[in-house]
Protein chains: 2
Amino acid sequence: MQSLLAIADPKRRRIVELLAVRERTAGELVDEFDISAPAISQHLKVLHEAGLVTVRAEGQSRVQALNPDGFGDLEAWLEKTRSVWSHRLDALECELRAEDESNEQKRKKRTSS
Amino acid sequence: MQSLLAIADPKRRRIVELLAVRERTAGELVDEFDISAPAISQHLKVLHEAGLVTVRAEGQSRVQALNPDGFGDLEAWLEKTRSVWSHRLDALECELRAEDESNEQKRKKRTSS
DNA sequence: CAGATAATTTAGTTGTTGCTTAATTAAGGT
DNA sequence: ACCTTAATTAAGCAACAACTAAATTATCTG
């Protein structure tokens, strides 16, 4: 889940937002922030390793572009986690009938063992 | 975007996964990990502050439950970012006609200014 | 009320992250 | 070949995040 760690940082998230609008060079990105060029370069490295951004050489510049497929695993995780939750909701109707009992039992199962 | 930072940590992500299956006490969560109770407690604090997990007192235990609504802002961000990207794709057809020219111009606009 | 259990808070340590400046690599222009 | 521009790598530093042990709070039980 590299992509999650990558966009957890606000600056990297902003880079992603900027690249979502249009591709840019590292230098153009530097202009959007109050931090040094090496700092941006390091952030880009993280984004590359996460598979969120790709590079393409163009003259002496290197054009950074967003790779939206990189969000795949993050979206899959959200989907998975929420689907489990949804199943719980489906089962809720049954559970409601004996809510107190079942909850108490689950709790005491461990206490008594 | 607290929720993003919260699930960026692998242990907290696992906690969320476990709570997605069923609600648990902090003690039950501790059993699933190789770290101390305070560590779990601190992770839960982060998850609470992110709005991903809620608590409910039950006897001397405190039952932790997932709040799937907490993912709202994260999903909204993904949606927003991808929608911008989609617009780019919509515009791609037009761009393709004069790809070389327009790309070169975008690049040189900055260089010459 | 005393003791046990569940959980959190505090204090302190360690590892990681993000930043900076300085040095390096790479491509173009003169 | 030399200089400039674009970008990265390297080295070092400060702030932060995650962990532990010890102390504290809170609730239930005898």
Side-chain angles (χ1 to χ4, degrees), chain A residues 1-16 18-19 23-50 52-65 103-104 106-113, chain B residues 1-16 18-19 23-50 52-65 103-104 106-113:
Chain A
M1 207 71 126
Q2 294 264 225
S3 61
L4 222 171
L5 223 149
I7 61 169
D9 180 83
K11 298 220 176 61
R12 282 195 292 267
R13 204 156 54 238
R14 177 112 184 277
I15 290 177
V16 168
L18 289 167
L19 293 182
E23 53 187 30
R24 294 163 202 248
T25 65
E28 286 170 322
L29 287 170
V30 169
D31 296 342
E32 299 285 336
F33 293 85
D34 288 337
I35 59 179
S36 67
I40 295 294
S41 189
Q42 286 153 18
H43 282 310
L44 285 171
K45 189 178 181 185
V46 174
L47 290 168
H48 286 141
E49 285 167 356
L52 291 177
V53 173
T54 58
V55 205
R56 160 173 60 82
E58 185 173 308
Q60 60 199 345
S61 296
R62 293 162 56 75
V63 181
Q64 313 285 332
N103 279 341
E104 286 301 314
K106 278 178 194 165
R107 200 66 47 223
K108 286 176 178 164
K109 194 175 182 181
R110 196 176 62 89
T111 316
S112 63
S113 65
Chain B
M1 208 70 125
Q2 294 265 226
S3 61
L4 222 171
L5 223 149
I7 61 169
D9 181 84
K11 298 220 175 61
R12 281 195 290 266
R13 205 155 54 238
R14 178 110 183 279
I15 290 176
V16 168
L18 289 167
L19 293 182
E23 52 187 31
R24 295 162 202 249
T25 65
E28 287 170 322
L29 287 170
V30 169
D31 296 343
E32 299 284 338
F33 293 86
D34 288 338
I35 60 179
S36 67
I40 294 294
S41 189
Q42 286 153 16
H43 281 310
L44 285 171
K45 189 179 182 183
V46 174
L47 291 168
H48 286 140
E49 284 167 357
L52 292 176
V53 172
T54 57
V55 205
R56 162 173 58 85
E58 186 172 308
Q60 59 200 343
S61 295
R62 291 162 57 76
V63 182
Q64 313 286 331
N103 279 342
E104 286 302 313
K106 278 179 196 165
R107 199 65 45 220
K108 285 176 178 166
K109 193 174 181 181
R110 198 177 59 89
T111 315
S112 63
S113 65

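Chain identifiers are assigned alphabetically (A, B, ...) following the order of the sequence lines, protein sequences preceding nucleic acid strands; residue numbering begins at 1 within each chain. The shown structure was predicted, so the numbers you read here are calculated from the model rather than taken from an experiment. Just so it is clear, the values below take in all heavy atoms, side chains as well, and ignore hydrogens, waters and symmetry mates.
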When you compare the protein's N or O atoms with those of nucleotides 15-18 of chain D, which come within less than 3.5 Å of each other, and at what distance?
{"residue": "D:dA18", "atom": "OP1", "partner": "B:Asp9", "partner atom": "OD1", "Å": "3.1"}
{"residue": "D:dA18", "atom": "OP1", "partner": "B:Arg12", "partner atom": "NH2", "Å": "3.2"}
{"residue": "D:dA18", "atom": "OP2", "partner": "B:Arg12", "partner atom": "NH1", "Å": "3.4"}

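For A:Ser36 and C:dT20, the shortest distance from a side-chain N or O to OP1 or OP2 is below 4.0 Å.
With sequence neighbours left out, the side-chain contact (heavy atoms from CB on, under 4.5 Å) criterion links B:Ser36 to B:Pro38, B:Ala39. Qualifying side-chain hydrogen bond (donor to acceptor under 3.5 Å, both in side chains) partners for B:Gln64, counting only residues two or more places apart in sequence or in other chains: B:His48. Legend: residues meeting side-chain contact (heavy atoms from CB on, under 4.5 Å) with B:Thr54, ordered by chain and number and at least two apart, are B:Ala65, B:Asn67. Residues forming a side-chain contact (heavy atoms from CB on, under 4.5 Å) with A:Ala37 (at least two apart in sequence, or on another chain): A:Val30.
As a whole-Å value, the separation of B:Gln64 CD from C:dA6 P is 14 Å. For the pair A:Ile15 CD1 and C:dG18 C1', the computed distance is 12 Å after rounding to whole Å. Counting to the nearest Å, the P atom of C:dT5 and the CG atom of B:Asp31 are 15 Å from each other.
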List the protein contact pattern of nucleotides 23-30 of chain C with one symbol per nucleotide (5' to 3'): B for base contact, S for sugar-phosphate-only contact, - for none; contact means a heavy-atom distance under 4.0 Å.
-> ----BS--

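Checking side-chain atoms of A:Glu49 against main-chain N and O of A:Val46 turns up no donor-acceptor pair under 3.5 Å.
Applying the side-chain hydrogen bond (donor to acceptor under 3.5 Å, both in side chains) test to pairs two or more places apart or on separate chains, those with a residue in residues 1-16 of chain B are B:Ser3-B:Asp73, B:Arg12-B:His43.
The residue A:Ala39 sits close to a base: some heavy atom pair falls under 4.0 Å.
At least one side-chain heavy atom of A:Leu29 sits less than 4.5 Å from a side-chain heavy atom of A:Leu44.
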